[in-house]
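Here the structure comes first, spelled out in C-alpha cells, and everything after it is commentary.
Numbered from 1 within each chain, the chains take letters A, B, ... in sequence-line order.
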Amino acid sequence: MRRCSSGCGNVRAQAHTLEAVAAGVVLLASVVFALQVTAVTPLSASTANQHIENQQLATAQGVLAAADENGALERAARYWNASTGSFHGLAPEASYTRTSQVKNTTLGRMLVRAFDPRGVIFNVYFTYQTTSGVERQRFIYRGEASDHAVTAVRTITLYDDEVLYDADEQPTTNTVNGTGNFYAPPTSTEGLYNVIRVEVVLWRM
Amino acid sequence: MADVTTRSRAQMLLVGALALATIFLLLSLLLNSVIYTENLATRRSNVGADSATTFRMDARTGVGDTIEYANRAGDRNYSSRYADYETNLEEWRRLRSNFSATNGRYTNVTLKSGYEGTRIVDDNASSTMVPLPKNKTRWTVAPDVKSRRLALDVNVSTGTATSASNVASDLSSGDPDIFRVVFDDGTRTAVAVYENSSSSALELLVYDYASGEYGSCEAPNGRVDVFRQLADGQYCDPLSAVSPSGAHDVNIRHGDQVTGTYSLVVDRLETPLRNSSNQATYSNHCTAAFAADDTSAPYTTPAIYSTTVRLEFASVDATYRTTERVAPAERGDSPVDPRFVSLSVNETTAKNFTVTWEVSDPNGDLDMIQTELIAGGNVTETESQSLNGSSANSFYEVNTNESGPYDIVTTVHDDAGNQRTLTERHREGDNPGCPP
C-alpha cells in the first residue's frame with residue numbers, strides 16, 4: 001500500500017462523501033419505493049373495509065330471513081294506524097328514528113339487537129309499485145347512509161283481507177284493502193293487494 | 001473487532017445502506033403479500049348465486065302466501081281455489097319480476113301442479129272446540145292424515161289456573177280437564193293451553209307421552225302456530241318436538257275448556273276424511289262431527305295442500321332453474337300414503353253390498369284394495385283387487401249369509417306398505433242414505 005503523504009486526504013474525503021451520498025440516495029430511493037408500492041385496497045383495515053361490508057350484508061340477510069319466518073316482517077309492514085294514516089305513534093309521512101320508537105316492533109327489536117352493539121346503523125324502507133312506478137316508504141330512518149352502505153332485501157306479499165296490527169302488534173279488524181289510506185296502493189283487482197320489498201340499509205358509524 | 005481503516009469504513013457504509021434498502025424492499029413485498037392474501041381470503045364466491053337464492057326464498061314465501069289466501073277466500077271447491085291461486089300467483093309473478101327487472105334480472109314462475117287436501121276450520125271465536133252434534137271431550141279431528149299449518153287462537157274460558165309441572169304430571173297420570181291437541185303417530189305428543197297460576201296469563205305446554213319430557217312457552221294472546229313453532233308470533237322452542245312422522249291422528253281433548261278458532265290443512269279428501277273422523281269419534285261414519293257448510297263451526301272445505309312450481313332466474317352472472325314443491329308450514333316429508341277419492345257401499349240386494357271405490361296415490365305405487373265384511377265380530381267375506389299406478393276406480397261385491405249389523409272395512413295399500421282404511425256400518429235393508 002502506497003503511503004499517502006499530503007493531498008491524499010482530500011481525495012479520500014471526497015470519495016467518502018460520494019459514497020455516503022450514494023448510500024443515502026439508495027436508502028431514500030428504497031424507502032420511497034417501498035412506500036409507493038404498498039397496495040392500498042378496499043380490504044385495508046378501515047371502516048370502508050369490503051370484508052366488513054360483506055359481513056354486515058350476511059348478518060342483515062340472516063335477520064331478515066328470521067323476521068320473515070316468525071312473521072315480524074309481515075307485522076312491521078302492516079303496523080299502520082288506519083285512523084291517522086301513518087305508522088303507530090307517528091305523524092303522517094314520518095318514520096321511526098329514536099331507538100325507543102324503533103323497538104316498538106319486533107322487526108325493530110331484532111335489528112337493534114343484531115346491529116346496535118356492533119356500531120352499525122340501519123334504515124328500513126318499504127318499496128312498492130304503483131301505476132306510475134316504484135315508490136319508497138320510510139319505516140325506520142336513523143340517518144343519511146354513508147358511501148359504504150349495503151342493502152339487504154326481502155319481499156313480502158299483502159292480500160286484501162289481511163288485517164292491520166295495532167301498537168302492540170295485535171291484529172285489529174281493519175283490513176289492508178279496507179282502510180283507503182294505506183301507504184301502498186292496491187295493484188290489482190285480484191285478492192293480492194301488493195308486493196312489498198323490505199330494504200334494510202346498513203353502514204358503520 | 002477488526003481493525004477498521006478509513007477505506008473499509010466507507011465501504012461498510014455503502015454495504016449497510018444497500019442491506020437496509022434490500023430489507024425495506026423485502027418488507028414491502030411481505031406487506032403486499034399479506035394484503036393480497038387477505039383479499040383472496042375474503043373474496044365472496046357465488047356472488048351471482050346470492051340473488052338467485054334470494055329469489056327462490058321469496059318465491060317460496062310468495063307461493064305459500066298465495067296458497068293460504070286461495071284456501072281461505074273464495075268458493076268451497078278445489079278447482080275454483082286452484083283458479084284463484086293461479087290468478088293471484090300470476091299477479092305476484094308480475095310484481096316480483098318488476099322488482100328484479102330494475103336490477104337487470106329476469107325471474108319467472110310457472111305453475112306445474114297442485115295437490116288437493118282438506119282444510120278443517122273453526123272460525124267462530126265464541127264457540128268451543130268440540131265436535132257437532134254432541135259435546136264430546138275426546139274427539140279425533142283428523143285420523144290418519146299428514147297435516148300442515150295448525151293455527152290456533154285460544155281463549156281459556158273455564159278451568160283452574162295451574163303450572164307447567166302440574167300439567168305435565170297430570171297428563172302423565174290421567175286425563176285432566178285441560179285443553180290439548182294430541183298428535184298420535186304411534187307415540188303421542190300433546191300441545192296444551194292453560195292459564196298459568198302465577199302469571200295469570202295463557203301458557204302453552206308441549207308434552208311427550210313417551211319420554212315424559214315437557215317444555216312451555218308464554219302465549220298471553222293464545223295464538224299458536226304449531227308447525228311454524230310460534231307462540232304469539234315469538235319463536236317457541238318446545239314446539240319443535242311436535243314433529244309427527246308419516247300419517248298421524250290429530251285429536252282434541254277437552255275442547256269445552258276453551259273458546260276460539262283453529263285451522264288445519266290435511267292431505268285427505270273431504271268426504272273420506274269426514275267419514276273417517278265421524279267413525280273415529282262416534283264409531284259411526286254417519287254421525288257428522290262437522291257442519292254441513294261453513295255457516296256453523298267446525299266445518300271442512302276442500303283446499304290446496306301443496307303445489308309445485310317451476311322457478312327461473314337469469315342475470316348476467318347466473319342462470320338458475322328449479323322445480324319447487326311448496327306446502328306452507330309442513331313438517332317432515334311430503335305425503336306418501338294412498339287415499340280414497342270416494343267410496344260408496346250400497347246394499348243392492350239382500351245381504352249383498354256393492355262397494356264402488358276410487359283411490360289415488362301421490363307416488364303412483366298403488367298395490368291393492370281390499371274389503372272385509374265383518375258380521376258378528378268375525379270377518380265373513382273378503383274381496384280384493386290388485387292395483388297399480390297412481391289412480392284407479394272400480395267396484396266389486398261382498399255378500400254374506402250372516403245377519404247384520406255389518407262392518408264393511410275397505411283398505412287401500414301401496415307398494416311401500418302404507419295404507420288407509422274406511423269403515424262403514426250397515427244394517428240389513430238400510431239402503432239408501434246414511435243408516436243410523
Which bit of [X] is near chain A, if near means a heavy-atom gap under 4.5 Å: side chain, backbone, both or neither?
{"X": "B:Leu31", "result": "side chain"}
{"X": "B:Thr22", "result": "neither"}
{"X": "B:Glu90", "result": "neither"}
{"X": "B:Asn103", "result": "side chain"}
{"X": "B:Asp65", "result": "both"}

_Criterion side-chain hydrogen bond (donor to acceptor under 3.5 Å, both in side chains) on A:Thr155 and B:Arg96, from CA distance to verdict_ = CA-CA 8 Å; A:Thr155 309; B:Arg96 181 62 177 78; 3.3 Å; yes

[X] [atom1] to [Y] [atom2] distance, which is reported to the nearest 0.5 Å:
{"X": "A:Asn70", "Y": "B:Leu230", "atom1": "CG", "atom2": "CG", "answer": "6.0 Å"}
{"X": "A:Arg197", "Y": "B:Asp58", "atom1": "CZ", "atom2": "CG", "answer": "9.5 Å"}
{"X": "A:Ser188", "Y": "B:Leu95", "atom1": "OG", "atom2": "CG", "answer": "7.0 Å"}

*Hey, which of A:Thr157, A:Asp161, A:Leu192 is the one that makes side chain to side chain contact (heavy atoms under 4.5 Å, CB included) with B:Tyr69?*
A:Asp161

*asked:* Under a plain distance cut-off of 3.5 Å, with no hydrogens placed, do B:Arg223 and A:Gln170 share a side-chain donor-acceptor pair?
replied: yes

_Under a 3.5 Å cutoff, is there a donor and acceptor pairing between the side chains of B:Asn88 and A:Glu190?_
no

For a quick test of reading the model, state the closest non-hydrogen atom pair linking [X] to [Y] and the distance between them.
{"X": "B:Leu13", "Y": "A:Ala23", "value": "O-CB, 3.9 Å"}
{"X": "A:Gln129", "Y": "B:Asn98", "value": "OE1-ND2, 2.7 Å"}
{"X": "B:Phe99", "Y": "A:Thr127", "value": "CZ-O, 3.5 Å"}
{"X": "A:Thr187", "Y": "B:Arg94", "value": "O-NH2, 3.6 Å"}
{"X": "A:Glu69", "Y": "B:Arg228", "value": "O-CD, 4.5 Å"}
{"X": "B:Ala21", "Y": "A:Leu27", "value": "N-CD1, 3.8 Å"}

*Derivation of the side chain to side chain contact (heavy atoms under 4.5 Å, CB included) call for B:Asn32 and A:Val37*: CA-CA 8 Å; B:Asn32 276 3; A:Val37 87; 4.1 Å; yes

*Below 4.5 Å, heavy atoms only, C-beta onward: do B:Met57 and A:Asp68 meet side chain to side chain?*
no

*Pairwise side-chain contact, A:Tyr193 with B:Glu91, heavy-atom cut-off 4.5 Å (strictly under)*: no

*Would you mind telling me which of B:Asp225, B:Asp232, B:Thr61, B:Thr102 has the largest number of heavy-atom pairs within less than 4.5 Å of chain A?*
B:Thr61

*What residue in B:Leu27, B:Thr66, B:Leu29 has the most heavy-atom pairs under 4.5 Å with chain A?*
B:Thr66

Contacting region of [X] [heavy-atom separation from chain B under 4.5 Å]:
{"X": "A:Glu74", "answer": "side chain"}
{"X": "A:Val153", "answer": "backbone"}
{"X": "A:Leu158", "answer": "neither"}

Does [atom1] in [X] sit with more than 12 non-hydrogen atoms of other residues, nucleotides or ligands closer than 6.0 Å?
{"X": "A:Gln101", "atom1": "CD", "value": "yes"}
{"X": "A:Phe33", "atom1": "CZ", "value": "no"}
{"X": "A:Arg118", "atom1": "CZ", "value": "no"}
{"X": "B:Tyr106", "atom1": "OH", "value": "yes"}

*Under 4.5 Å, counting heavy-atom pairs only, tell me which of A:Val134, A:Val26, A:Thr38 racks up the most with chain B.*
A:Thr38

*Considering only heavy atoms and a distance below 4.5 Å, find which of A:Glu162, A:Gln61, A:Arg154, A:Glu169 pairs most often with chain B.*
A:Arg154

